[in-house]
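What follows is a short report on a single structure.
In the text below, chain A, chain B and the rest are named by the order of the sequence lines, each starting its count at 1.
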Amino acid sequence: MTVSFLSMQDVAMPNPRSHRNSAFHRLLAVIRELLGNPSSGFGFIVISILLLTALVAPLIAPYDPNVIDLGQTLQAPSAQHWFGTDELGRDILSRIIYGTRISLTIITIVSVIVGPVGLVVGTTAGYFGGWYDTIMMRITDIFLSFPSLILSLAFVAALGAGLENAIIAIGLTAWPPIARLARAETLTFRGADYISASRMQGASPLRIIVKSIMPMCLPSVLVRITLSMATVILTAAGLGFLGLGAQPPLPEWGAMIATGRRYMLDNWWLVAFPGGAILLVSLAFNLLGDGLRDALDPKQR
Amino acid sequence: MTAIDVSNLSIDLGYGSAKKRILGDVCFSVEAGESFGLVGESGSGKSTILRCIARLLTLWEGDIELEGRSVKNMPFAEYCRMVQMVFQDPYGSLHPRQSIRTALQEPLRIHRMDRQMDRMERALVDVGLNPDFLSRYPHELSGGQRQRVAIARALILEPRILLLDEPTSALDVSVQAEVLNLLADLRARRNLTYLFVSHDLAVIDHMCERLAVMQHGRVVEVMGREVLATGRAKDPYARELIQASLEYDQAV
Ligand SMILES: Nc1ncnc2c1ncn2[C@@H]1O[C@H](COP(=O)(O)OP(=O)(O)OP(=O)(O)O)[C@@H](O)[C@H]1O
Ligand SMILES: [Mg+2]
């Protein structure tokens, strides 16, 4: 995201090639740094596997995730069904593999909503200050004073159950921390000489925010979004578990745990594998976020 | 013609009980083509005067006229092409994530200037840098090179007045001399007006024809350059300042 934004500024350049190259090199350098550290390397690899799995799910899933086979219900893990089968005889491994698509959809849409909203609210509040800042920050205070699961529950209750509404609800609860962060960053850059210089050159506030302030906030916002992905996964699973998120027969991990709960005592694999997937992915996002912070933070260079 | 005319400039800064008078009734004027120095101890309000003229501070009282027109009701675009500023710290005045090309091209884009590539290359050549520097980022430059880029950026809109806030104090002595010579040279070639803030009386002596001595937010005396050699200032504080600087020079 950083990379594409930086090269976007220089579209009109007569020599875009060298620019794209240097952006590409920076991306490579960041990846190398991520892989250099065991924990962030682990996060990076798990997220890459997640992406890849979602992409080629139909090719690697051994069974159709929704085909019901009543002759094969509640099978323990075996060579045939590595992760066992559920109460309707569906292959759990295949369902988990297809579930990556749902998780990724949620994550992608949430970050597409949350990143820009948080960035715009935070940078404008920080840059303009005054009553606009006060109002915006009181609104984020209100959002932040509820636990995110409770708030998304309230939103879903108002909007109705379902995956789309769950995504919207999570998006609504996830932007305030980002806006906070972007505002705090903006306050530290606002008085910088390079902002004064660009004001003296006649740049409009919009131009200053988009071209000078946002690129400075972007790395930490990116890190913050990555870290909050862990919470987003957990909230989505929580909503799914409560029956308010993805609806059956969608193979969403939280919903899988919810239906498996009834058979849990005798058939541990119904909840253990989806639960493990949730744990693994949210842990990976946390580790990746920490690693990204070290790799991207401009203040540490 | 008078390029800069500041009369009765006053400003309070801070909020509530911390509110303090920073400048009180500052008056001075600078002729077109002249280089005018501002000296005074740290905290005496030199940068504040520049920031008022630069329209970075707005809540001041009094009057600031540029080429006979009040800055308050001049169209902003026109104002930008008349006045530019060079900041003290070359490490803080260039955007760390913008290439030199972006830094120089932004003002040209804002003001929709023609022949942008030409102008950018010439601006760099004029400050003694190779046009190859366009693709570099600030962290790839030395302090002196950064300050040259900052000067190039200030001059790219072809302003007639340049506000310089201690443009060399963050630089090494040898680099300082180079940048001062560059500034003197640019002024001669383009007939620029300088308002030059510095702590260093030797620098002021080298760069300016006249200067104002400031203390606690007030101008205590405006004098010609020749007074710096003799030390015959009227105001006791100004005399003390010049004396101290003369003694320091002899000691070195
Ligand atoms: N935003 C502000 N709020 C309150 N006080 C301020 C503010 N900005 C500057 N001051 C005060 O105004 C006074 C003058 O500051 P200014 O930066 O103009 O000094 P200066 O003469 O440039 O000093 P130096 O030579 O150290 O750069 C200082 O006492 C400073 O503390
Ligand atoms: Mg100063």
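- At a 4.5 Å heavy-atom cutoff, B/H139 makes no contact with chain A through either its backbone or its side chain.
- Using a 4.5 Å cut-off between heavy atoms, B/A54 contacts chain A through both its backbone and its side chain.
- Using a 4.5 Å heavy-atom cutoff, the side chains of B/R109 and A/K211 are in contact.
- You'll find the side chain of A/S212 stays beyond 4.5 Å of the side chain of B/E106, heavy atoms only.
- With a 4.5 Å cut-off on non-hydrogen atoms, B/L56 touches chain A through its backbone and its side chain both.
- The two residues A/G202 and B/F76 make their nearest non-hydrogen contact at CA-CE2, 3.6 Å.
- Nearest approach of A/P215 to B/R97, heavy atoms of both residues: O-CD, 3.7 Å.
- For the pair A/M200 and B/R153, the minimum side-chain heavy-atom distance is 4.5 Å or more.
- No option in B/M85, B/R51, B/R55 other than B/R51 meets the side-chain contact (heavy atoms from CB on, under 4.5 Å) test with A/S196.
- No more than 12 heavy-atom neighbours from other residues, nucleotides or ligands sit within 6.0 angstrom of CZ on B/R112.
- A donor-acceptor pair is defined here as one N or O able to donate and one able to accept, closer than 3.5 Å; no such pair exists between the side chain of B/H95 and the backbone of A/Y194.
- The number of heavy atoms from other shown groups lying within 6.0 Å of CG (A/L28) is above 12.
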